[in-house]
2 protein chains.
Amino acid sequence: MRVDARLNRERILTAAEEVFGELGAQASTEEVARRAGVGVATVFRHFPTKTDLVEATLVRHFDDLVAHARTLATAPAPGPALGDLVTAMVERGATKVTLANLLGAADQVPSGAADAAQRLRDAVDAVLRRAQEAGVARRDVSVDELYFLVRGLTQAAAALPVPTAVSRGAVAVVLDGLAAKR
Amino acid sequence: MRVDARLNRERILTAAEEVFGELGAQASTEEVARRAGVGVATVFRHFPTKTDLVEATLVRHFDDLVAHARTLATAPAPGPALGDLVTAMVERGATKVTLANLLGAADQVPSGAADAAQRLRDAVDAVLRRAQEAGVARRDVSVDELYFLVRGLTQAAAALPVPTAVSRGAVAVVLDGLAAKR
DNA sequence: CAATAAGCGAAGTCGTCACTTCGGATCTTA
DNA sequence: TAAGATCCGAAGTGACGACTTCGCTTATTG
């Protein structure tokens, strides 16, 4: 692959992340191209369909979160680690959830995104289990439920322009409900 | 207004509720017309823009919830009433939230929907305050946060068909976090 | 029951957006 | 450094969806 091609690919991904974050998932491919400083044809050469572009953006984002989760899985304090993870997912994912919605709306869920989501699920699972074994998280909560909660918080946060006292408070309530009963 | 016009209006609203619930917010107006058994022109005569149609559907749904909330505001047990309300909003609203997203994406938030949302907020506020005064809900939670949580849970439930057990579990966690500390 | 006003649907128009084509510019390698 | 492969952007194309027009139908009213 030529160096200019690789550079453009990188520029497109970065632009897609910005544009979809600001304009929402229905932003046009042409807007992404404009922001990246390339022609539309270049975008389509790298990502044959719009779904491919969205998928690539999502996978990149998910893998970031996976790395973060794996670090937290070996952190000294399992309880705060779980809290950190939830907060990070909500705040960093806020702009990306609309993308996931677009993907969900498509008839077929692309395998690449599904794989990345699975990796993230597993990493979150590890953090949760560790907190449960340390006795600082309810044992009757499954990853599915935690995932559901995080997804919900993230989606609600995405509606707001900036993380606010309200979203922080809501996260606090959930973390409190997640904590082991005293 | 002629009786056939009123009947058609009713049919259109019902169809819109179904279609947007099943196909998502980006479903076409023509699909709504087909489902209602009328021509597209009829839909546009009753609701000049698609936004108007979405708004009308939302207002109807919100007002249903407002009625429910007002009933619960005078229920004998304030704690379970709050739980009931949250559950009802999440489960009944699941198909409707995508509509709210579409509205939010539009440049202008129609005043009608904003008013209905305000009425709902006030009704929920009443139920929450009553639970707090009865000492069964945390006092450091505001309506804003509760609303945020419900919105998130509903959106997550709407996004993809989730097993009821999972959404119920997640709601339980939130309600637990909402309960007064022991 | 006839006149009339309101309502209705079929067949458009217009703009937008995902995706393609092709002639020219640019990087690579011998 | 020059041949040649690779990459690029400007200008399409075709489909789809929001919204309009108009001739016909149907409910209302004196």
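Letters A, B, ... are given to chains in the order of the sequence lines, protein chains preceding strands, and every chain is numbered from 1. Reckoned from all heavy atoms, side chains included, excluding hydrogens, waters and symmetry mates.
Dashed line: the shortest gap from a side-chain N or O of B:T29 to OP1 or OP2 of D:dA18 is under 4.0 Å. Put simply, A:N8 has no side-chain N or O that comes within less than 4.0 Å of OP1 or OP2 on D:dC7.
One can place NZ of B:K50 at 15 Å from P of D:dT20, the figure rounded to the nearest angstrom. The CZ-P distance, from A:R6 to D:dT6, rounds to 16 Å in whole Å. Here the P atom of nucleotide D:dA18 and the CD1 atom of B:I12 are 14 Å apart, to the nearest Å. Counting to the nearest Å, the P atom of D:dC19 and the CD atom of B:E31 are 17 Å from each other. Atom-to-atom, CD of B:Q26 to P of C:dC17 comes out at 15 Å; the value is rounded to the nearest Å. We find that CD of A:E30 is positioned 13 Å from C1' of C:dT20, with the value rounded to whole Å.
Scanning both residues, A:R138 and A:Q132, for their nearest heavy atoms gives O-NE2, 2.8 Å. Residue B:E18 comes nearest to B:R35 through the heavy atom pair OE1-NH1, 3.2 Å, listed as atom of the first residue, atom of the second, then distance. When all heavy atoms of A:T154 and A:V150 are compared, the pair lying nearest together is OG1-O, 2.6 Å.
Counting heavy atoms from C-beta on, the side chains of A:D115 and A:F62 never come closer than 4.5 Å.
Counting non-hydrogen atoms of neighbouring residues, nucleotides and ligands closer than 6.0 angstrom, the CZ atom of B:R129 reaches no more than 12 such neighbours.
Between the side chains of B:D84 and B:T87, not a single donor N or O lies within less than 3.5 Å of an accepting N or O.
Contacts between residues 33-48 of chain B and DNA chain D, counted as heavy-atom distances below 4.0 Å, involve B:A41, B:F44.
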| remark: Quick tally for nucleotides 23-30 of chain C: nucleotides whose base has a protein heavy atom under 4.0 Å get B, sugar-phosphate-only ones S, the rest -, giving ---BSS--
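Remark: side-chain polar atoms of B:D52 are paired, donor with acceptor, to backbone N or O of B:T49 under 3.5 angstrom.
Residue B:E17 is tested with B:I12, B:V32, B:T57 for a side-chain contact (heavy atoms from CB on, under 4.5 Å); the sole match is B:T57.
Interatomic distance, CG of B:L65 versus CE of B:M89, reported as 5.5 Å (0.5 Å rounding).
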